[in-house]
Amino acid sequence: MTKPKILVTRRWPKSVEERLSQTYDATLNTDDKPMSTQEIAEAFAEFDAICPTVSDKLPADIFPKETPRAKILGNYGVGFSHINTDAAKAAGVAVTNTPEVLSECTADLAITLMLMAARRASEGEREVRAGQWTGWRPTHMVGTKVSGATFGVLGFGRIGRTAAKRAHFGFGMKVIYYDAFPVKPELAAETGAEARDSIEAVLREADVVSLHMPGGKENYHLINAQRLEMMKPTAILVNTARGEVVDAAALAAALKAGTIAGAGLDVYEGEPTIPPPLLDTNAVLLPHLGSATETTREAMGMMVADNLDAFFAGKEPPNRVA
């Protein structure tokens with residue numbers, strides 16, 4: 001029996017590539033060079049499945065007007081705003097993602113960014129490496145205490161709740177949140193989290209605002225100049241969600257003007273290009289490391305394989321989103 005032919009758009013963990021190669025006629029990206037939109041578009045006619053990552057762009061016009069050979073996109077990542085799911089549905093292409101397995105590591109990184117921004121860790125390291133540190137002094141690089149402060153979560157899903165647990169139980173922080181969808185009381189009760197009736201209410205009250213909502217047009221530039229003005233001048237913004245959720249130019253202006261005290265970012269609009277205004281601020285800037293642990297990245301790949309296995313066995317993929 002002929003094995004389904006699949007395309008993996010980037011290098012994946014070795015164990016995952018080995019599993020895929022055993023089960024499928026797999027074409028791997030051994031050079032790990034980003035594929036162009038045109039190359040991915042052409043793959044719809046050559047492969048039975050395409051396995052993109054969150055750094056690949058699959059807009060509406062990438063999907064063939066005629067029925068494509070590829071009937072499933074096994075997306076490596078929980079977010080899928082880079083895929084036009086409406087166009088995928090119209091073309092008869094299933095879309096799956098990899099939820100839950102990256103919640104803990106992404107939440108860990110949100111807390112890392114909070115601490116780095118609050119304690120000015122990036123600034124301090126740059127000073128040391130540049131040979132500019134002149135020694136300890138009482139007024140040197142004074143930051144912000146987060147213990148006992150208020151941790152505001154926008155998007156109280158799996159990752160947001162996991163970050164809240166770390167903030168609450170690790171640092172005694174009060175948790176407040178806003179979510180566009182109802183949250184089960186027992187889930188909020190795990191951290192004593194208090195709901196607020198709007199994004200604005202969280203922004204005004206929180207000392208740290210951590211973003212955990214999906215990307216896409218619904219949340220495009222959700223954090224803009226007007227909303228940044230609502231935050232405390234001592235507040236910190238953390239984004240491990242999607243880059244397009246934040247207006248980078250507005251954030252840079254707010255940091256330079258002292259509208260807010262700091263920011264920690266792991267994601268950016270137009271990755272891998274960092275919006276230039278941010279480079280001239282005190283923001284902590286990381287290269288999209290949220291899920292970047294060996295255990296998690298392997299688990300993500302195995303989940304993609306599970307989705308493919310179910311699909312090609314004629315079953316409903318366990319993590320289908322479109």
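When reading the values below, keep in mind they use all heavy atoms of this one structure, side chains included, and skip hydrogens, waters and symmetry mates. Note that the numbering runs from 1 along the sequence shown for the chain.
- A distance of 8.0 Å separates CZ in F156 from CG in L187, rounded to the nearest 0.5 Å.
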Please test E104 against T162 for side chain to side chain donor-acceptor pair (under 3.5 Å), starting from the C-alpha separation and ending with a verdict.
CA-CA 6 Å; E104 290 190 345; T162 306; over 6 Å; no

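- The pair E200-R204 fails the salt-bridge criterion, with no side-chain N (NZ, NE, NH1 or NH2) lying under 4.0 Å from an Asp/Glu carboxylate O.
- We find the CE-CD distance between M116 and E123 to be 10.5 Å, quoted to the nearest 0.5 Å.
- D31 places no side-chain N or O within 3.5 Å of a backbone atom of K33 that could act as its donor or acceptor partner.
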Using the side chain to side chain donor-acceptor pair (under 3.5 Å) rule, take E18 and Q22 through it: C-alpha gap first, then chi angles, then the decisive distance, then the call.
CA-CA 6 Å; E18 289 176 347; Q22 290 171 359; 5.7 Å; no

So T53 and S55, side chain to side chain donor-acceptor pair (under 3.5 Å) or not? Walk me through it.
CA-CA 5 Å; T53 71; S55 61; 2.9 Å; yes

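- Using a 3.5 Å distance cut-off with no hydrogens or angles, the side chains of E269 and H221 do pair a donor with an acceptor.
- A heavy-atom distance below 4.5 Å is found between the side chains of E39 and S36.
- Heavy-atom minimum distance, M213 versus V245: SD-CG1, 3.5 Å.
- Looking at T106, its side chain never comes within 3.5 Å of a backbone N or O of S103 through a donor-acceptor pair.
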Please test E127 against H140 for side chain to side chain donor-acceptor pair (under 3.5 Å), starting from the C-alpha separation and ending with a verdict.
CA-CA 11 Å; E127 183 178 271; H140 178 239; 2.8 Å; yes

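- The pair D306-R19 counts as a salt bridge, with a side-chain nitrogen and a carboxylate oxygen less than 4.0 angstrom apart.
- T98 has its side chain out of reach of N319: every pair of non-hydrogen atoms, C-beta onward, lies at least 4.5 Å apart.
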Set out, in order, the CA-CA distance, both residues' side-chain angles and the distance that settles salt bridge (charged side-chain N to carboxylate O under 4.0 Å, His left out) for R10 and D32, then state yes or no.
CA-CA 5 Å; R10 297 299 296 265; D32 203 25; 3.0 Å; yes

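- Looking at N307, its side chain never comes within 3.5 Å of a backbone N or O of M302 through a donor-acceptor pair.
- I40 and V93 fall within a single hydrophobic cluster, where Ile, Leu, Val, Met, Phe, Trp and Tyr are joined by side-chain heavy atoms under 4.5 Å apart, directly or via other members.
- Residues Y76 and V8 are not in side-chain contact: their nearest non-hydrogen atoms beyond the backbone lie 4.5 Å or more apart.
- Remark: K3 fails to qualify as a cation-pi partner of Y24 under the 6.0 Å distance and 45° angle criteria applied to the six-membered ring.
- The CG atom of L265 sits 8.5 Å away from atom CD1 of I274, with the distance rounded to the nearest 0.5 Å.
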Salt bridge (charged side-chain N to carboxylate O under 4.0 Å, His left out) evaluation trace for R11 with E17:
CA-CA 8 Å; R11 288 301 306 270; E17 291 186 340; 3.1 Å; yes

What do the steps show when you test F47 against T27 for side chain to side chain contact (heavy atoms under 4.5 Å, CB included), and what is the final call?
CA-CA 9 Å; F47 296 89; T27 296; 3.3 Å; yes

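- No side-chain donor-acceptor contact under 3.5 Å links E244 to the backbone of N219.
- Residues F311 and P4 form no side-chain contact, since every pair of their non-hydrogen atoms from C-beta on lies 4.5 Å or further apart.
- When every heavy atom of K256 is checked against every heavy atom of D280, the shortest pair comes out as CE-O, 3.5 Å.
- A88 approaches V95 most closely through the heavy-atom pair CB-CG2, 3.8 Å.
- A donor-acceptor contact shorter than 3.5 Å is absent between the side chain of N84 and the backbone of P59.
- Between the side chain of E229 and the main chain of Q226, no donor-acceptor pair closer than 3.5 Å is present.
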Would V175 and T191 count as a side chain to side chain contact (heavy atoms under 4.5 Å, CB included) here? Give the steps.
CA-CA 7 Å; V175 177; T191 54; 4.3 Å; yes

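- Between E46 and R69, none of the side-chain N atoms (NZ, or NE/NH1/NH2) sits under 4.0 Å from a carboxylate O, so this pair counts as no salt bridge.
- Checked by atom type and distance alone, the side chain of D266 pairs as donor or acceptor with a backbone atom of G290 at under 3.5 Å.
- Judged by distance alone, the side chain of H168 and the main-chain N or O of M173 form a donor-acceptor pair under 3.5 Å.
- Under the 4.5 Å side-chain criterion, counting only non-hydrogen atoms from C-beta, R161 is in contact with R158.
- Counting heavy atoms from C-beta on, the side chains of I83 and N75 come closer than 4.5 Å.
- In this structure the side chain of S291 reaches within 4.5 angstrom of the side chain of R297, judged on heavy atoms.
- Side-chain contact between L154 and S210 is absent, with no heavy atoms from C-beta onward closer than 4.5 Å.
- In the hydrophobic clustering of ILVMFWY residues, with side-chain heavy atoms under 4.5 Å counting as a link, L203 and V153 come out apart.
- Both L228 and V202 are members of a single hydrophobic cluster when ILVMFWY side chains are connected at heavy-atom separations under 4.5 Å.
- V246 and V267 fall into different hydrophobic clusters, where Ile, Leu, Val, Met, Phe, Trp and Tyr side chains are chained together by heavy-atom contacts under 4.5 Å.
- For K232 and D207, the salt-bridge test passes: some basic side-chain N is under 4.0 Å from an acidic carboxylate O.
- For the residue pair I62 and T37, the shortest heavy atom distance occurs at CD1-O, 3.4 Å.
- To the nearest 0.5 Å, atom CG of residue L7 and atom CE of residue M35 are 4.5 Å apart.
- In this structure, E194 pairs ionically with R196, as a charged nitrogen and a carboxylate oxygen lie closer than 4.0 Å.
- Within a 6.0 Å radius of CZ in R129, no more than 12 heavy atoms belonging to other residues, nucleotides or ligands are found.
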Evaluate salt bridge (charged side-chain N to carboxylate O under 4.0 Å, His left out) for E205 paired with K174, printing each intermediate quantity in order.
CA-CA 11 Å; E205 185 179 345; K174 174 184 177 180; 3.4 Å; yes

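- The two residues R242 and G79 come nearest to each other via the heavy atoms NH2-CA, 3.1 Å.
- Under a cut-off of 6.0 angstrom, the local environment of CD in E294 is sparse, with at most 12 non-hydrogen atoms contributed by other residues, nucleotides or ligands.
- Here the CG atom belonging to L73 is positioned 12.0 Å from the CZ atom belonging to F80, to the nearest 0.5 angstrom.
- For the pair P68 and A91, the tightest heavy-atom approach, listed with the atom from each and the gap, is CD-O, 3.4 Å.
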Decide side chain to side chain contact (heavy atoms under 4.5 Å, CB included) for F312 and D48; before the verdict, give the C-alpha distance in whole Å, the side-chain angles of both, and the deciding distance to 0.1 Å.
CA-CA 9 Å; F312 287 114; D48 299 299; 4.0 Å; yes

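- Both I199 and I260 belong to a common hydrophobic cluster when Ile, Leu, Val, Met, Phe, Trp and Tyr are linked at side-chain heavy-atom distances under 4.5 angstrom.
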Just do the side chain to side chain contact (heavy atoms under 4.5 Å, CB included) check on Y268 and L278 with the steps written out, would you?
CA-CA 10 Å; Y268 312 89; L278 288 174; 4.3 Å; yes

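- Rounding to the nearest 0.5 angstrom, the gap separating the CG atom in L115 from the CD1 atom in I236 is 9.0 Å.
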